[in-house]
Amino acid sequence: MQPLKVSLVQGATRWHDAPANRDYYGTLVRQAKGSDLIVLPETFLSGFSNDTRASAETMQGEGVAWLRALAAEVGAVICGSLAILEDGVVYNRLLWMQPDGSFQQYDKRHLFRMAGEHTRYGGGNARLIVTLKGWRILPQVCYDLRFPVWLRNRRLADAAGGMDYDLALFVANWPAPRRQPWRTLLRARAIENLSYVVGVNRVGVDGNELPYAGDSVVVDPVGEALIELGAQEQVATVTLDPAVLLAHRERFPAWMDADAFSLDRD
């Protein structure tokens with residue numbers, strides 16, 4: 001594991017305007033050039049919309065092509081989610097786009113029923129673990145944050161530090177009225193999983209008149225914020241130190257007393 005330079009891009013997503021969002025987020029992402037990993041909010045090309053047919057793109061569409069070109073331009077992995085239409089179903093799909101044009105994907109597992117997301121989107125059933133500079137990273141989407149069983153870190157003998165993952169990251173459109181759960185759960189997930197956590201949320205007001213307070217953050221394995229953003233547009237960068245993580249796991253090996261379980265993903 002090497003030090004990992006991570007940039008948080010906290011922006012005010014334009015409502016149902018993919019071309020404007022490509023221009024807007026492209027400008028912000030370029031400010032983070034030199035980072036290893038650049039993280040965007042959930043559904044950053046459309047906003048969190050249940051008008052799925054209006055906001056969704058295909059994997060062959062302009063959004064994915066633009067993201068591929070931007071990752072190559074800045075020389076970094078770019079991560080964020082898009083509304084993707086595939087085989088007649090719309091998915092809230094996180095893309096892990098690498099500078100060489102290759103990518104991996106994760107479809108949001110937990111769909112936010114209080115806004116009807118579960119009636120308009122298809123859900124995924126597979127966790128994604130990606131690697132970057134020796135780090136094992138678990139990318140997730142917004143509401144997934146509330147489900148600790150799904151996110152549970154596990155001991156793996158062949159993994160760095162003996163764990164399933166070293167960094168969990170969450171891309172979100174998490175409204176301001178629920179900002180306290182967002183802030184609290186990010187810290188809880190870091191503490192209980194002995195990992196770093198990154199959460200990137202949007203700001204501004206969306207087309208449903210919902211306000212967003214940002215509160216994007218990087219949390220260390222003991223729950224302390226290394227950086228926490230306010231409610232304004234901002235690009236911030238933090239370098240994560242693997243030595244801090246591995247030392248904490250060595251002196252406080254709570255994973256050794258964790259309960260064994262199996263997970264039904266149906």
Side-chain angles (χ1 to χ4, degrees), residues 8-30 38-71 78-97 103-124 128 139-145 169-178 182 199-216 231 233-235:
L8 288 58
V9 178
Q10 180 175 275
T13 305
R14 280 52 173 156
W15 189 248
H16 287 191
D17 193 342
N21 283 315
R22 291 196 296 268
D23 288 344
Y24 173 64
Y25 278 111
T27 299
L28 295 180
V29 165
R30 290 181 182 96
I38 301 171
V39 187
L40 299 171
E42 179 186 20
T43 55
F44 61 87
L45 289 185
S46 62
F48 183 69
S49 170
N50 276 332
D51 189 357
T52 56
R53 300 294 163 175
S55 60
E57 302 196 22
T58 70
M59 293 299 291
Q60 293 73 44
E62 291 184 63
V64 176
W66 167 82
L67 193 63
R68 179 179 287 112
L70 187 59
I78 303 178
C79 180
S81 86
L82 296 81
I84 294 290
L85 177 63
E86 187 172 85
D87 298 327
V89 178
V90 178
Y91 297 93
N92 190 337
R93 178 167 293 172
L94 180 146
L95 294 181
W96 177 267
M97 184 63 72
F103 66 89
Q104 292 174 271
Q105 64 191 49
Y106 164 73
D107 292 333
K108 186 178 181 181
R109 161 76 167 176
H110 300 91
L111 303 177
F112 191 61
R113 69 176 55 248
M114 283 68 80
E117 187 181 18
H118 66 301
T119 68
R120 298 176 175 88
Y121 288 79
L128 173 67
Q140 297 281 292
V141 181
C142 202
Y143 191 44
D144 288 326
L145 177 62
L169 65 85
F170 298 87
V171 303
N173 277 211
W174 197 290
R178 294 188 292 277
W182 163 256
V200 175
N201 192 23
R202 63 158 292 175
V203 293
V205 178
D206 71 12
N208 294 319
E209 300 303 317
L210 283 173
Y212 295 84
D215 294 317
S216 299
E233 172 192 298
Q234 191 172 348
V235 178

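Everything numeric in this text was worked out from a predicted model, so none of it was measured.
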(request) Would you kindly say whether Asn92 and Tyr143 are connected by a side-chain donor-acceptor distance under 3.5 Å? (result) no

(request) Go through Phe44 and Leu28 one step at a time and tell me if the side-chain contact (heavy atoms from CB on, under 4.5 Å) criterion holds. (result) CA-CA 12 Å; Phe44 61 87; Leu28 295 180; over 6 Å; no

(message) List the residues meeting salt bridge (charged side-chain N to carboxylate O under 4.0 Å, His left out) with Arg93, not counting sequence neighbours, and say none if there are none.
(response) Glu86, Asp107

(message) Any non-hydrogen side-chain atom of Leu210 less than 4.5 Å from a side-chain atom of Asn173?
(response) no

(request) Specify the closest pair of heavy atoms between Trp174 and Cys142, including all atoms of both residues, with the distance to one decimal. (result) CZ3-O, 3.6 Å

(message) Please give me the minimum heavy-atom distance between Pro177 and Pro211, naming the atom from each residue.
(response) CD-O, 4.1 Å

(request) Provide the closest heavy-atom pair for Val141 versus Glu42 in the form atom of the first, atom of the second, distance. (result) CG1-OE2, 3.4 Å

(request) Determine, step by step, whether Asn208 and Trp15 satisfy the side-chain contact (heavy atoms from CB on, under 4.5 Å) criterion, reporting the C-alpha distance in whole Å, the side-chain angles of both residues, the deciding distance to 0.1 Å, and the verdict. (result) CA-CA 9 Å; Asn208 294 319; Trp15 189 248; 3.6 Å; yes

(request) Under the side chain to side chain donor-acceptor pair (under 3.5 Å) rule, what do Asn201 and Tyr212 come out as? Steps first, then yes or no, please. (result) CA-CA 8 Å; Asn201 192 23; Tyr212 295 84; over 6 Å; no

(message) Donor-acceptor pair, distance only, cut-off 3.5 Å: does the side chain of Ser81 make one with the backbone of Thr43?
(response) yes

(message) I need the Gln60 CD to Leu85 CG distance, nearest 0.5 Å.
(response) 10.0 Å

(request) Could you tell me how the ring of Phe112 sits relative to the ring of Phe48: parallel (under 30°), tilted (30 to 60°) or perpendicular (over 60°)? (result) perpendicular

(message) Quick check on side chain to side chain contact (heavy atoms under 4.5 Å, CB included): which of Val29, Leu70, Val235, Val200 does Ile38 satisfy it with?
(response) Val29

(message) Quick one, Val171 and Leu40 - any side-chain contact, counting heavy atoms below 4.5 Å?
(response) no

(message) Val203: which residues meet the side-chain contact (heavy atoms from CB on, under 4.5 Å) condition with it, sequence neighbours left out?
(response) Gln10, Ala12

(message) Measuring only between side-chain heavy atoms, which start at C-beta, is Ser46 closer than 4.5 Å to Leu82?
(response) no

(message) If you define the side chain from C-beta out and look only at heavy atoms, does anything of Glu57 sit under 4.5 Å from Trp66?
(response) no

(request) Show your reasoning for whether side-chain contact (heavy atoms from CB on, under 4.5 Å) applies to Val64 and Met97. (result) CA-CA 9 Å; Val64 176; Met97 184 63 72; 4.1 Å; yes

(message) What I'd like to find out is whether the side chain of Asp144 reaches to under 4.5 Å of the side chain of Lys108, using heavy atoms alone.
(response) yes

(message) If I compare all heavy atoms of Leu111 with all of Gly122, which pair ends up nearest, and what's the gap?
(response) CD1-C, 3.9 Å

(message) Please find the pair of heavy atoms, one from Tyr106 and one from Pro139, that lie closest to each other, and give the distance.
(response) CD2-O, 3.7 Å

(request) Would you please say whether a donor-acceptor pair under 3.5 Å links the side chains of Tyr25 and Thr13? (result) yes

(request) Using a 4.5 Å cut-off on heavy atoms from C-beta on, say whether the side chain of Ile84 contacts that of Met59. (result) yes

(request) Of all the heavy-atom pairs spanning Phe170 and Trp182, show the shortest one and how long it is. (result) O-CH2, 4.2 Å

(request) Answer yes or no: is there a side-chain heavy-atom contact under 4.5 Å between Arg22 and Leu45? (result) yes

